[in-house]
Amino acid sequence: MSDVLKKLAAVLEARKGADPQSSYVAGLYAKGLDAILKKVGEEATETVLAAKSGERAKIIHETADLWFHTLIMLAQTGLKPDDILTELDRRFGVSGLDEKASRQGHK
Ligand SMILES: N=c1c2ncn([C@@H]3O[C@H](COP(=O)(O)OP(=O)(O)OP(=O)(O)O)[C@@H](O)[C@H]3O)c2ncn1[C@@H]1O[C@H](COP(=O)(O)O)[C@@H](O)[C@H]1O
């Protein structure tokens, strides 16, 4: 799968030292965690409405906005996408689905 999450997370880290006037992300950091969480909440609502509309392009656009703002939230709280991917990977392993998937792959 694409490593865009990792690349984007690196850009978001770099924006921590940027002028808030020069960058949307730096501007959000400057406003603080509450402002970031407000955006996450708004984007989550917009994603739900998009899914209800059933419009594929809208769902993709709003989910991208939600993921993007979630990545900013993670950066602000000292976390990286890998922390979440590791947790999902662990759950996948616990469910036994990875073993089943690899067995099917070897059929
Ligand atoms: N992926 C994104 C991205 N997705 C969404 N957005 C911004 O997130 C905001 C989404 O807010 P809304 O949907 O509410 O739309 P809006 O009404 O225009 O925004 P608001 O006025 O409500 O803030 C918009 O301003 C978008 O421009 C993004 N801004 C930046 N990026 C990436 O982040 C990187 C760093 O961005 P800068 O910090 O701006 O350089 C860039 O290189 C891009 O790759």
Side-chain angles (χ1 to χ4, degrees):
M1 202 179 286
S2 157
D3 61 353
V4 68
L5 289 181
K6 199 172 262 187
K7 288 179 183 165
L8 188 50
V11 171
L12 298 184
E13 272 310 304
R15 290 294 187 270
K16 285 182 178 173
D19 175 359
Q21 308 289 341
S22 70
S23 143
Y24 173 76
V25 176
L28 260 186
Y29 286 141
K31 288 181 190 165
L33 183 62
D34 282 359
I36 295 169
L37 297 179
K38 187 164 177 276
K39 284 303 291 180
V40 171
E42 286 170 11
E43 301 303 347
T45 302
E46 284 169 19
T47 300
V48 169
L49 293 175
K52 287 293 281 183
S53 81
E55 285 180 55
R56 189 174 182 275
K58 252 189 205 173
I59 298 170
I60 292 170
H61 180 93
E62 296 303 345
T63 304
D65 275 356
L66 176 60
W67 286 20
F68 173 67
H69 286 89
T70 302
L71 289 173
I72 299 174
M73 177 199 72
L74 290 177
Q76 180 78 337
T77 55
L79 291 163
K80 297 197 179 321
D82 259 356
D83 294 310
I84 314 308
L85 295 176
T86 300
E87 173 62 12
L88 288 173
D89 203 27
R90 186 191 66 76
R91 293 180 192 178
F92 195 59
V94 166
S95 73
L97 278 175
D98 60 343
E99 203 190 316
K100 283 178 210 155
S102 69
R103 259 191 275 128
Q104 279 170 355
H106 286 100
K107 264 186 188 168

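Order of appearance sets the numbers: ligands from 1, and atoms from 1 within every ligand.
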Might you check, step by step, whether the distance between [atom] and some protein heavy atom is under 4.0 Å?
atom	value
atom 17 (O) of ligand 1	no
atom 27 (O) of ligand 1	no
atom 21 (O) of ligand 1	no
atom 36 (O) of ligand 1	yes
atom 11 (O) of ligand 1	yes
atom 43 (C) of ligand 1	no

Is there a heavy atom of E42 sitting under 4.0 angstrom from any atom of ligand 1?
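Checking ligand 1 against E42, which is what was asked, there is no heavy-atom contact under 4.0 Å.
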For this session: Would you please determine whether E62 falls within less than 4.0 Å of ligand 1 on a heavy-atom basis?
Result: no
Donor-acceptor check, side chain of [X] to backbone of [Y], threshold 3.5 angstrom: yes or no?
X	Y	answer
H61	A57	no
T45	G41	yes
Y29	I72	no
S23	P20	no

**Item:** CG on L74 to CD1 on I36, rounded to 0.5 Å
**Value:**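 Nearest 0.5 Å value for the CD1-CG distance: 10.5 Å.
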Rounded to the nearest 0.5 Å, what separates atom CD1 in I60 from atom OG1 in T47?
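The CD1 atom of I60 sits 12.0 Å away from the OG1 atom of T47.
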Distance to 0.1 Å, residue and atom name: give those for the protein heavy atom nearest to [atom].
atom	value
atom 5 (C) of ligand 1	D65 OD1, 3.4 Å
atom 34 (C) of ligand 1	V11 CG1, 4.0 Å
atom 39 (O) of ligand 1	Y24 N, 3.1 Å
atom 38 (O) of ligand 1	S23 OG, 2.4 Å
atom 23 (O) of ligand 1	K39 NZ, 3.5 Å

- prompt: Would you say ligand 1 has an N or O under 3.5 Å from any N or O of E43?
  reply: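 Such a contact does occur with ligand 1.
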### Task
May I ask you to check whether V25 has an N/O atom sitting below 3.5 Å from an N/O atom of ligand 1?
yes
Discussion item. Using salt bridge (charged side-chain N to carboxylate O under 4.0 Å, His left out), reason through K38 and E42 one step at a time and then give a plain yes or no.
Written reply: CA-CA 6 Å; K38 187 164 177 276; E42 286 170 11; 3.3 Å; yes
For this session: Taking all non-hydrogen atoms of both residues into account, name the closest pair between A26 and D19 and its distance.
Result: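 Distance-wise, the nearest heavy atoms are CB-O, 3.7 Å.
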Taking only non-hydrogen atoms of R15 and a 4.0 Å limit, the atoms of ligand 1 in range are 35 (C), 37 (P), 38 (O), 40 (O)
side-chain contact (heavy atoms from CB on, under 4.5 Å) with L28: of K39, R15, M73, Q76, only one passes, and it is K39
*asked:* Could you check whether atom NZ of K16 has more than 12 heavy atoms from other residues, nucleotides or ligands sitting under 6.0 Å from it?
replied: yes
Note: F68, heavy atoms under 4.0 Å from ligand 1, region reported as side chain
Practice item. For the pair F68 and Y24, name the ring-plane relationship: parallel under 30°, tilted 30 to 60°, perpendicular over 60°. Key: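 Parallel: the ring planes of F68 and Y24 meet at under 30°.
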